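Predicted model only: the values in this text are computed from it and were never measured. Reminder, nothing fancy here: chain letters follow the sequence lines and each chain counts from 1.
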Protein chains: 2
Amino acid sequence: MKNEIAEILKRNQLSVTDSRQKILELFRHSNSALAHADIEKQTSEQFDRVTIYRTLQTFVEKGIVHTIPTTDNSVLYALCKDNCSEGHHHDDHVHFICDDCGTTYCLEHITIPKVEVPQGFITKQTDVVVSGQCDKCS
Amino acid sequence: MKNEIAEILKRNQLSVTDSRQKILELFRHSNSALAHADIEKQTSEQFDRVTIYRTLQTFVEKGIVHTIPTTDNSVLYALCKDNCSEGHHHDDHVHFICDDCGTTYCLEHITIPKVEVPQGFITKQTDVVVSGQCDKCS
DNA sequence: TAAATGATTGCAACTTTGTTGCAAAATAAA
DNA sequence: TTTATTTTGCAACAAAGTTGCAATCATTTA
Ligand SMILES: [Mn+2]
Ligand SMILES: [Mn+2]
Ligand SMILES: [Zn+2]
Ligand SMILES: [Zn+2]
């Protein structure tokens with residue numbers, strides 16, 4: 001719903017603009033994570049590249065999306081669950097990157113295991129990224 | 001030892017050149033992971049930027065170093081343990097990135113846990129990156 | 001509803017990062 | 001030492017990301 005998307009923006013004290021609505025919709029309609037380049041491809045005639053950078057940055061700061069680490073100089077973004085907010089992310093799930101089709105999934109139901117760290121180290125966040133073949137490619 | 005470094009290169013069927021020796025030495029003497037930029041800073045007057053890109057790429061292909069995923073559009077490289085070779089990596093350890101000083105550690109003694117994936121998904125590799133404060137910064 | 005305020009956008013110009021082809025130089029093999 | 005092969009540096013380029021600023025848009029206020 002258009003309205004629902006505006007709601008998310010308002011809830012985060014963001015003014016409701018075309019670009020923000022459209023980009024948020026893209027995430028809603030995608031079942032996988034998106035890179036800046038993906039968003040640019042799907043909106044390039046509507047919005048400036050710089051606007052996309054700034055929108056993604058804002059969404060991350062507000063906790064609307066979260067980032068997924070990769071080993072290829074790219075950053076992937078995916079929608080956070082409702083209870084995420086600035087500084088308090090609760091996306092404690094595993095991510096899966098398919099080597100074949102490149103799709104990146106949030107495995108919402110698979111939680112991050114506790115990981116030991118050495119004496120003196122303090123854990124703030126743990127990211128788990130599994131790669132291999134997704135169900136469509138195996 | 002200079003000789004030891006040349007040995008590693010030869011064992012991997014690589015010709016022994018200044019840049020490869022120097023870059024490999026950098027990794028040996030560093031107790032943390034290095035980004036392309038780090039290496040460039042420490043060798044920029046000796047080697048061309050392109051040579052560093054190509055050397056890192058070769059080292060990854062040969063299994064001399066492994067990459068560490070990050071959420072900031074950068075890739076980190078660290079030395080692999082001896083038994084790694086092309087296509088057969090055994091760096092099943094957790095990585096730790098300090099939010100304060102930026103240092104990235106290979107926690108060689110902390111092994112990656114088994115992670116469940118949904119029906120139809122096939123796991124090839126699992127990366128675990130913990131972030132927070134390292135022992136020097138906590 | 002209209003004006004004022006404040007935030008967001010697009011553009012231009014720029015920096016930084018990564019890639020490619022090719023001749024010269026260096027290494028390894030003969 | 002000579003030859004064959006690989007690697008390097010350079011130049012030119014492409015892609016990705018950043019910044020300042022004026023114009024536009026969204027929200028607040030009257
Ligand atoms: Mn996710
Ligand atoms: Mn490591
Ligand atoms: Zn796939
Ligand atoms: Zn630290």
Is the centre of the A:Y105 ring less than 6.0 Å from the centre of the A:H95 ring?
no
is_close_aromatic(A:Y77, A:F27), centroid dist under 6.0 Å
no
Shared ILVMFWY cluster between B:L79 and B:V94, side chains joined below 4.5 angstrom?
no
Closest approach to the side chain of [X], judged atom by atom: which nucleotide of [options] is it?
X     : options                : result
B:V16 : D:dT18, D:dT8, C:dA28  : C:dA28
A:D48 : C:dC11, D:dG9, C:dA28  : C:dC11
B:V50 : D:dG17, D:dA11, D:dA26 : D:dA11

Presence of [X] side-chain N/O under 4.0 Å of [N] phosphate oxygens OP1/OP2:
X     : N      : result
A:N73 : D:dA16 : no
A:T17 : C:dT9  : yes
A:S19 : C:dT9  : yes
A:S15 : D:dT27 : no
A:T51 : C:dG10 : yes

List the steps and the verdict of side chain to side chain contact (heavy atoms under 4.5 Å, CB included) for A:R20 and A:S15.
CA-CA 9 Å; A:R20 284 173 182 166; A:S15 43; 3.5 Å; yes
Whole-Å distance between [N] [atom2] and [X] [atom1]?
X     : N      : atom1 : atom2 : answer
A:E45 : C:dT9  : CD    : P     : 19 Å
B:H36 : C:dG18 : NE2   : P     : 7 Å
A:E40 : C:dG10 : CD    : P     : 12 Å
B:Q21 : C:dA28 : CD    : C1'   : 14 Å

Have a look at A:Q46 and say if it touches a base, only the backbone sugar-phosphate, or nothing, with a 4.0 Å heavy-atom cut-off.
sugar-phosphate
Whichever of B:L14 and A:R49 has the more 5' nearest nucleotide on DNA chain C, that residue is A:R49
Both B:R54 and A:T55 contact DNA chain C. Which one's nearest nucleotide lies toward the 5' end?
A:T55
More than 12 foreign heavy atoms under 6.0 Å from CD of A:E116: is that the case here?
no
